[in-house]
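In what follows, chains carry the letters A, B, and so on, assigned in the order in which the sequence lines appear, proteins first and then strands, with residues in each chain numbered from 1.
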Amino acid sequence: MQKNVFQYLAVLAVFLAGLAVSGSLSRSAIDIAIVALWFAYLCQTWNIVGGLAGQFSFAHPVYVACGGYTSTILLQHLQVSPWIGMFAGALLAMVLAAILCWINFRQQLPMLTYALITLALTIIGVITLHTSSFLGGHEGLFIPKANSPLTFRFLDRAAYFYIILAAVCLMLLLTIALRASRIGARLVAIRDNQDAARMLGVDVLRATMAGSTISAGLGALGGTFYAQYLSVVDPSIAHVELAVQIVLMTAVGGIGTVWGPLFGPLALVPMERILSREFVQLAGLGQLFYGVLIIVVLLVLRDGVVTWAAKRIRQRRMAALIAESRSRENGATG
Amino acid sequence: MDTFLQVLTQGAVLGGVYALIALALAIVYSVTHQLNFAHGDLMAVAMYLALVGSHALGLDPYVSIALIAPIMFFAGFLLFRVVFASMLHAPHLVVIQVTLALSFVIQSTLLLAFSANFQTVHSVLSGEILNLGPVSLSAAPVLAFTVSIVLGVLAFVVIRYTDFGRRVLAVAEDSEAAALSGINVALVQALVFATAVGVLGVAGPLVAPILVLQPTAGLHLTLISFIVFILGGANNYIGTLVAGLIIGLSEALSSLYMRPAEFAAAVPYLIFTIFLLVRPKGVLER
């Protein structure tokens, strides 16, 4: 409990720090910050099902596209504000996730098989977006720029920064609460050993269904945000590379942890952007550095930076405790 | 009717190449239990090496195989020792993450060295046509198909009838028992991995004159080899060949009949998804 209070305070500190730096960021820096936070948000939503429940899914771009496309279509055809439309997108993503989850449960898919099925679905999704004229084909759908907060459109970039910062902090709170809750404990139990969890009376279908639909729905909200921020939604939003980046950034931070999905993107996105800007005449060099760094982190630290740091701290504490009890014993005998 | 036959044979020819690269993936999986998401990217490297050979040294892609295959073999050996060997006992998740990052590294390197432009490689067979009754075929794919089948049969013979092959089978069956009976498991794994990459070093230059080269070409090849590997079944040569043909044919036929035509690219993935839903246990264990 005490640990949770400490974590809630840390979330507050993140939020305040975000607010504090927002004023001093340059125009390009705020764009990088928004994209980094957006990736952090997606990693956090993926982490619920990919990290806590251990259901390794590549379908997240499909959910993100559900959000971005649904809210944009509703805005264009029915003049529904994206603030409302984004929940329609989230609903669609949740239905898709529920179907996938049910299939996974019914067929008892091995982990690699599930990963490959979701990967195949993402590719089919991208091809569908490219070919559908209703969804704008290659060009996608445009959202006219305007300054109307009621329809989720701002000319001031800072507004998007505040929104995504708040969303990331809310996700931190949700993850902390989820890890401490019954459903979170059930998801972790399923990840560690599904058969044992079932034997202890965990309703596997219900727990994973809850986890996947929450994860998908929240991911879709991120899609609407990105469409509004860019004023366009095109098939690139659902690319396989997005799924790969979500997985890698979460892995570098620490899969299944509260702070890993935030730390990974916040460290990697600005680094990748700065490297590609520094080596602009050498396209690819920045990404090359970035990829090598990820491999090194994964091979050396295995479970990501946050998990590694937590382990080190625990080891220190244990060592200190052991040393303390030893010196006490020595004092008693001597 | 002519176009139909034409497309049919072209699909079958491409399917043979798919079967070969899936076979390379399958053999590595059987001895290391690692699914390499950078498999297709390694093949893309071999294709670009053929491009370098043809542009810088004036070598025909088919001649350059003599150089590229050994280079890829040694590169594969090193890659296994540096990256893959340290993940042998890691969970599947770590292997997926690291090989995805590796694919990222290879794609960026290709982008850095060759730019994002589409490129093509010319060979002596470019534009040559073989006439077989009602069908006329380009010579280059037919050669690629023939070499693929020969290599597949060769792999089968080596594994079944040589001492090294028996060691490979022993490691695939039970690596601990193999180690106890005196087999150098780490060496067998490294050699199998290196051979698989060497096979990509043969397949890459063979298809370089047929396909368009771009730095991201690897992802598609990786996924195609996963699909063929899983459809075909582990350690099942005939199955892998049949699966390769099915995917090659479905790609070719759907590009002919599918409307809108762009959706044809999705067909192999659809077949794959449906197959896995019907036979989920497939060949990958939990």
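Atoms CZ and CG, from A:Phe58 and B:Leu100 in turn, are 5.0 Å apart once rounded to the nearest 0.5 Å. How far CG of A:Leu288 is from CD of B:Gln107: 12.0 Å, rounded to the nearest 0.5 Å.
Contacts of B:Val267 with chain A are absent, with no heavy-atom separation under 4.5 Å from either backbone or side chain. Contact of B:Val98 with chain A is made through backbone and side chain together, with heavy-atom distances under 4.5 Å. Contacts between B:Phe226 and chain A at a heavy-atom distance below 4.5 Å involve the side chain alone, from C-beta outward. With a 4.5 angstrom heavy-atom cutoff, B:Leu102 touches chain A via backbone and side-chain atoms both. With a 4.5 angstrom heavy-atom cutoff, A:Ile255 touches chain B only via side-chain atoms.
B:Phe272 places a side-chain heavy atom less than 4.5 Å from the side chain of A:Leu116. Two residues are said to be in side-chain contact when any heavy atoms from C-beta on lie closer than 4.5 Å; B:Val105 and A:Phe289 fail this criterion. A heavy-atom distance below 4.5 Å is not found between the side chains of A:Ile294 and B:Phe104.
Among A:Leu121, A:Ile124, A:Thr128, the residue with the largest count of heavy-atom pairs under 4.5 Å with chain B is A:Ile124. The choice from B:Leu270, B:Val94, B:Leu112, B:Leu111 that makes the most heavy-atom pairs within less than 4.5 Å of chain A is B:Leu112.
The shortest non-hydrogen separation linking B:Thr273 to A:Ala120 is OG1-CB, 3.7 Å. Counting all heavy atoms, side chain and backbone alike, B:Ser86 lies closest to A:Leu299 at OG-CD2, 3.6 Å. The two residues A:Gly291 and B:Ala101 have their closest heavy-atom pair at O-CB, 4.2 Å. When all heavy atoms of B:Gln97 and A:Val247 are compared, the pair lying nearest together is CG-CG1, 3.9 Å.
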For this session: Begin from the C-alpha positions of A:Ile117 and B:Tyr269 and carry the test side-chain contact (heavy atoms from CB on, under 4.5 Å) through to its verdict.
Result: CA-CA 9 Å; A:Ile117 287 188; B:Tyr269 300 103; over 6 Å; no

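Heavy-atom neighbours of B:Glu173 CD from other residues, nucleotides or ligands within 6.0 Å: at or below the threshold of 12.
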